[in-house]
A.B. asks: 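One structure, as structure tokens, below. Some questions next.
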Amino acid sequence: MKAFLLEVEPSARRGQSGVRLFLKTPGGKSVAAFAPFEPYFYLVPNGDISQAAVQIMAVKALSRNEMIGVKRTEEIERNAFGNATKMLKVFTHAPGHVPALREECKAFGQSYEHTILFTRRFVIDSGLVPGALAEFELDEHKTVKSWKNLPPEEAFATMPPLRTLTFDIETHNPGGISRPEKDPILMVSYSADDGEGVITYAKSAVGKKFVKLVKGEKEMLEAFVALVKEKKADLICGYNSDEFDLPYMMERASKLRTDFNIGRGKKGRVTLKKLGLRRRARVAGRIHFDAFSPASFMDFTGTVKFPRLTLGAVYETLSGDKKIDTDKTAIWKAWDAGGEALAHLFDYSLADSRACRKVMEFELPLEIAMGRVTRMTLFDVSRTTPGQMVESLLMRRAFERGEIVPNKPDYSTVQARLDDQIQGAYVKVPMPGVYENIAVFDFRSLYPSIITSHNIDPFTLNCSCCGDDAFVAPTGSKFCVKKKGIVPETLEKVLDERTSLKAKLKKLEKGSTEYKLTDAHQWALKILANSTYGYLVYSRSRYYSRECGEAITALARKYIQDTMADAEKAGFEVLYGDTDSCFLLLGSQKREDAEAFRHEVNKKLPGRMELELEDIYPRGIFVSKKQGEKGAKKKYALINAAGAIKIRGFELVRRDWSLVARNTQRKVLEILLKEGDLPKAKDLVRGVLEDLRGGKMPLKDLAITTQLRKSAGSYDIMSPELSAVQKAKAAGVRVEEHALIEYIITKQGKTISEKAQLLELAKDYDADYYVNNQLMPAVLKILGALGVDGEDIKTKSSQKSLGDW
DNA sequence: GCGAGCAGCGTACCT
DNA sequence: ACAGGTACGCTGCTCGCG
């Protein structure tokens with residue numbers, strides 16, 4: 001039968017160890033199958049291998065009050081870090097036995113791959129691709145007899161037909177933050193494929209047809225359990241439901257002495273696990289998908305940038321619609337009040353489930369694609385980090401190559417790596433000013449292309465086979481030219497596949513499912529390619545190599561600097577460059593000359609390295625640093641032939657500047673780049689200046705947004721945002737840890753910190769501060785590049801025009 | 001006791 | 001949270017001066 005592999009759980013049948021596979025047929029049928037599978041790890045013995053095999057069979061360990069031992073061993077050969085090595089594959093009776101037995105086996109040698117989770121182990125060894133369609137042969141007991149992957153055209157073309165249900169809870173919160181031991185859940189809203197609603201025990205549905213009334217909180221939870229079963233949801237989804245909704249519902253259920261078994265199977269339990277700092281909730285037999293994690297992942301990787309990671313902000317960014325909002329601190333009041341307020345609360349709750357559905361639907365194609373590429377199940381991949389993705393991909397490749405996976409570093413190794421920074425990119429200091437005809441070149445996927453083109457890999461480093469033939473990096477490190485390393489090989493496949501998917505994309509119909517999936521697939525590959533360098537120098541990496549990291553960045557610096565030198569030889573003036581880019585002034589030369597230059601550079605570049613001409617900009621502006629004459633790096637604005645402005649680094653792109661400063665800076669920039677009308681820009685600033693001084697500016701436009709990234713108690717110095725938060729807390733306003741803080745500089749107080757108040761508590765604003773510390777610095781940043789000073793603006797209107805341009 | 005100068009903290013951004 | 005490079009506001013210290 002053909003089916004999508006959705007999830008893998010540890011299982012056992014009649015004492016036989018194995019995994020339960022959750023399969024979904026293209027027709028929508030759910031099947032739980034059993035596949036026998038033995039847990040194991042590798043041991044490279046210190047001494048004689050046969051003797052070690054005998055000794056290991058006698059090892060005993062205590063696990064959960066039970067004496068356990070090794071099931072059997074196999075003598076095998078694997079490549080360990082570049083060398084063929086004889087070792088033992090040590091099998092255990094149960095997955096849970098691995099840690100204790102591995103501990104006992106330390107005496108006989110070095111163990112490997114003992115921390116790879118059993119279900120992950122199964123996915124790697126089976127070759128199955130989570131989220132993809134495959135062929136399974138089952139017997140009458142639903143035991144998997146065999147399986148076969150299908151060709152990509154078939155395996156990846158469609159989404160698994162998942163039945164989904166999103167949900168959201170509202171809780172009573174008279175004390176500010178809801179406490180699950182005291183504060184009841186008021187309502188549960190949901191959005192399923194074929195219906196939506198709110199379950200509650202309010203006194204009245206206040207005319208809302210979608211509200212289903214039950215007797216009490218306990219009955220409400222029971223009704224929700226019944227609902228999930230009735231809808232046969234394969235995937236249930238909340239927003240931050242790992243940390244909030246599910247743990248809260250579980251605690252309430254246990255308090256109310258009822259079961260909260262929303263899963264499938266005999267028990268159908270929900271289990272909470274702490275992984276690092278985060279909690280995660282697993283639902284037996286279903287996929288619990290927390291839409292928050294993918295949103296935060298997409299924001300981090302730049303797939304989609306969100307202004308904030310709240311459900312509302314994410315939904316609004318993705319849909320363009322506004323979501324119904326409510327005062328969260330007043331939820332309990334609305335509940336107690338009933339009537340209109342309660343009716344609004346019902347609407348709000350349902351809107352959250354609907355919004356969550358939209359967000360989930362947006363996220364699923366990328367998550368499915370990421371799971372297929374990295375061979376992680378949807379549960380895992382939706383909670384993953386770029387580092388884990390690269391690791392997962394490399395572990396599977398290691399298996400294919402018959403290589404041992406290096407162990408994770410211990411704590412002190414991680415610390416040592418963190419303390420030992422690697423020199424990074426080169427950034428050229430620009431000359432401040434306004435320029436015309438700027439050609440911007442950049443290297444396509446610079447770090448990935450350096451890695452593949454020079455075979456940079458922890459185990460091709462200083463190989464024993466190449467001698468003087470080896471490639472020598474500027475750092476002196478040598479890299480094998482005969483055998484491809486695991487990292488370059490993996491990366492090359494990622495880049496090649498992405499190239500072919502992008503070609504395929506051009507032929508597909510935009511908006512079709514296949515287009516969406518193919519696009520998601522190539523994005524997943526892009527994220528992987530961009531994360532590979534980072535993974536090589538990531539302190540907790542299994543494939544960490546300082547030498548590789550240094551070689552990559554040294555080569556990057558060399559290539560970009562060589563390109564700049566070549567550009568000067570070709571008669572261009574080099575204006576600026578950052579990491580992989582090179583900004584040239586065309587001067588009297590034309591686009592053809594720029595193309596010819598690119599062509600010349602590319603002729604010399606090795607492998608898949610390539611310089612691209614990003615665009616030619618008719619006009620651009622670079623500014624000086626606040627201190628000194630030199631140009632500021634990472635701050636510029638360019639306008640292309642179509643009139644689109646590209647802005648980097650300026651205050652106007654930073655959320656920790658007030659809207660008034662940001663908007664005015666943006667307008668000044670636009671006037672100068674589009675019209676070149678300096679007097680108009682100055683007049684604009686004068687207008688804003690007057691409004692500010694007149695006290696007319698709405699406080700909303702003056703708020704400065706910043707995050708308290710550390711916990712509130714651990715700061716060494718007082719900052720305005722911290723001071724504002726402290727004052728707000730003293731006034732009884734609750735502020736969550738790591739919250740985004742919006743504050744105003746008011747008239748009350750001496751220092752800036754003393755003057756700072758949360759937006760919601762501020763009554764007035766300090767006009768002098770906003771003029772001198774916000775508006776003027778922001779606009780002078782731009783106008784200063786044209787020789788304008790502050791007094792020029794503060795005094796009367798100027799008639800001088802920008803005849804030069 | 002006070003203001004100027006400056007180092008360092010902390011945040012957000014760029015590639 | 002994959003990395004390092006960078007700008008810059010603000011605080012809080014040191015130092016020189018009176």
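Reminder, nothing fancy here: chain letters follow the sequence lines and each chain counts from 1.
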A.B. asks: Is the shortest side-chain N to carboxylate O distance from D380(A) to R120(A) below 4.0 Å?
C.D. replies: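 Looking at R120(A) together with D380(A), the answer is yes, because their closest N to O distance falls below 4.0 Å.
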A.B. asks: Please work out if L722(A) contacts a base, only the sugar-phosphate, or nothing of the nucleic acid, heavy-atom cut-off 4.0 Å.
C.D. replies: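 It contacts nothing in the nucleic acid.
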A.B. asks: Under 4.0 Å between a side-chain N/O of K626(A) and OP1 or OP2 of dC8(C), yes or no?
C.D. replies: no
A.B. asks: Would you kindly give the CZ-to-C1' distance between F292(A) and dA1(C), to the nearest whole Å?
C.D. replies: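 About 11 Å, once rounded to whole Å.
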A.B. asks: Would you name the heavy atoms of V314(A) and R308(A) that are closest together and state the gap between them?
C.D. replies: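 Where V314(A) meets R308(A) most closely, the heavy atoms are CG2-O, 3.9 Å.
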A.B. asks: Applying the salt bridge (Lys or Arg N to Asp or Glu O under 4.0 Å) test to E651(A), which of K626(A), K781(A), K635(A) qualifies?
C.D. replies: K635(A)
A.B. asks: Which nucleotide wins on minimum distance to the side chain of P720(A), given the candidates dA1(C), dC10(C), dT15(B)?
C.D. replies: dC10(C)
A.B. asks: On the ring face of Y617(A), is K646(A) found with NZ or CZ under 6.0 Å from the centre and within 45° of the axis?
C.D. replies: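 Judged by the rule, K646(A) and Y617(A) form no cation-pi pair.
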A.B. asks: With a 4.0 Å cutoff (strictly under), does any side-chain N or O of T301(A) reach OP1 or OP2 of dC2(C)?
C.D. replies: no
A.B. asks: Which nucleotide in the list dA12(B), dT11(C), dA1(C) gets nearest to the side chain of I752(A)?
C.D. replies: dT11(C)
A.B. asks: Starting at atom CG of D420(A), determine the distance to atom P of dG4(C), rounded to an integer number of angstrom.
C.D. replies: 10 Å
A.B. asks: Would you tell me if any nitrogen or oxygen in the side chain of N773(A) comes within less than 4.0 Å of OP1 or OP2 on dC10(C)?
C.D. replies: yes
A.B. asks: Within the pair T706(A) and dA12(B), is there a side-chain N or O less than 4.0 Å away from OP1 or OP2?
C.D. replies: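 Looking at the OP1 and OP2 atoms of dA12(B), one of them is under 4.0 Å from a side-chain N or O of T706(A).
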A.B. asks: I want to know whether F244(A) and Y239(A) have ring centres closer than 6.0 Å.
C.D. replies: no
A.B. asks: Rounded to whole angstroms, how far apart are OH on Y743(A) and P on dG9(C)?
C.D. replies: 12 Å
A.B. asks: Can you find a side chain N or O atom of Y576(A) that sits less than 4.0 Å from OP1 or OP2 on dT6(C)?
C.D. replies: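 Y576(A) to dT6(C) OP1/OP2: no side-chain N or O under 4.0 Å.
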A.B. asks: With no hydrogens and no angle check, do the side chains of T563(A) and D566(A) hold a donor and an acceptor under 3.5 Å apart?
C.D. replies: no
A.B. asks: When all nucleic acid strands are considered with a 4.0 Å heavy-atom cut-off, which category describes V653(A): base, sugar-phosphate, or nothing?
C.D. replies: sugar-phosphate
A.B. asks: Indicate, with yes or no, if the rings of F289(A) and F379(A) have centres closer together than 6.0 Å.
C.D. replies: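 Aromatic pair excluded; centres sit 6.0 Å or further apart.
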A.B. asks: What's the closest nucleotide to the R540(A) side chain, out of dA1(C), dC8(C), dC14(B)?
C.D. replies: dA1(C)
A.B. asks: With distance as the sole criterion, do the side chain of S296(A) and the base of dA1(C) form a donor-acceptor contact below 3.5 Å?
C.D. replies: yes
A.B. asks: Report the nucleotide, chosen from dC8(C), dG4(C), dC10(C), that has the shortest atom-to-atom distance to any side-chain atom of Q421(A).
C.D. replies: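 Nearest to the side-chain atoms of Q421(A), counting from C-beta on, is dG4(C).
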A.B. asks: Check whether any side-chain nitrogen or oxygen of K633(A) sits under 4.0 Å from OP1 or OP2 of dT6(C), and answer yes or no.
C.D. replies: yes
A.B. asks: Salt bridge between K755(A) and D766(A), side-chain N to carboxylate O under 4.0 Å?
C.D. replies: yes
A.B. asks: Just checking K781(A): base, sugar-phosphate only, or nothing, at a heavy-atom cut-off of under 4.0 Å?
C.D. replies: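 Touches sugar-phosphate only.
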A.B. asks: List the steps and the verdict of salt bridge (charged side-chain N to carboxylate O under 4.0 Å, His left out) for D578(A) and K428(A).
C.D. replies: CA-CA 6 Å; D578(A) 183 350; K428(A) 183 179 163 65; over 6 Å; no
A.B. asks: Starting from C1' on dG4(C), measure out to CZ on R546(A) and report it in whole angstrom.
C.D. replies: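 Going from CZ in R546(A) over to C1' in dG4(C) covers 12 Å.
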A.B. asks: Quick check on ring-ring contact (aromatic ring centres under 6.0 Å, His included): which of Y435(A), F650(A), Y576(A) does Y636(A) satisfy it with?
C.D. replies: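 Running ring-ring contact (aromatic ring centres under 6.0 Å, His included) over Y435(A), F650(A), Y576(A) with Y636(A) returns exactly one hit, Y576(A).
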A.B. asks: What is the distance from CG of D578(A) to C1' of dA7(C), rounded to the nearest Å?
C.D. replies: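 These atoms are roughly 13 Å apart.
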A.B. asks: Over how many whole Å does the gap from I422(A) atom CD1 to dC2(C) atom P extend?
C.D. replies: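 It works out to 15 Å between those atoms.
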A.B. asks: Classify the nucleic acid contact of R417(A) as base, sugar-phosphate or nothing, counting any heavy atom under 4.0 Å across all strands shown.
C.D. replies: nothing
A.B. asks: Does Y769(A) have a side-chain nitrogen or oxygen under 4.0 Å from the phosphate oxygens OP1 or OP2 of dC10(C)?
C.D. replies: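 Yes.
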A.B. asks: Which ones in residues 378-388 of chain A lie close to DNA chain C, meaning a heavy atom under 4.0 Å from one of its atoms?
C.D. replies: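 Listed by number, they are T385(A), P386(A), G387(A).
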A.B. asks: Which protein N or O atoms sit under 3.5 Å from an N or O of nucleotides 5-10 of chain B?
C.D. replies:
unit_1	atom_1	unit_2	atom_2	d
dG10(B)	OP1	K710(A)	NZ	3.3
dG10(B)	OP1	D716(A)	N	3.1
dG10(B)	OP2	K710(A)	NZ	3.2

A.B. asks: Rounded to whole angstrom units, what separation is found between the OH atom of Y543(A) and the P atom of dA3(C)?
C.D. replies: 18 Å
A.B. asks: Atom CH2 of W657(A) and atom C1' of dC13(B): how far apart are they, to the nearest Å?
C.D. replies: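 Atom-to-atom, W657(A) to dC13(B), this comes out as 14 Å.
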A.B. asks: Across the strands shown, which category fits F300(A) at heavy-atom distances under 4.0 angstrom: base, sugar-phosphate, nothing?
C.D. replies: base
A.B. asks: Determine, using ring centers only, whether F441(A) and F597(A) are less than 6.0 Å apart.
C.D. replies: yes
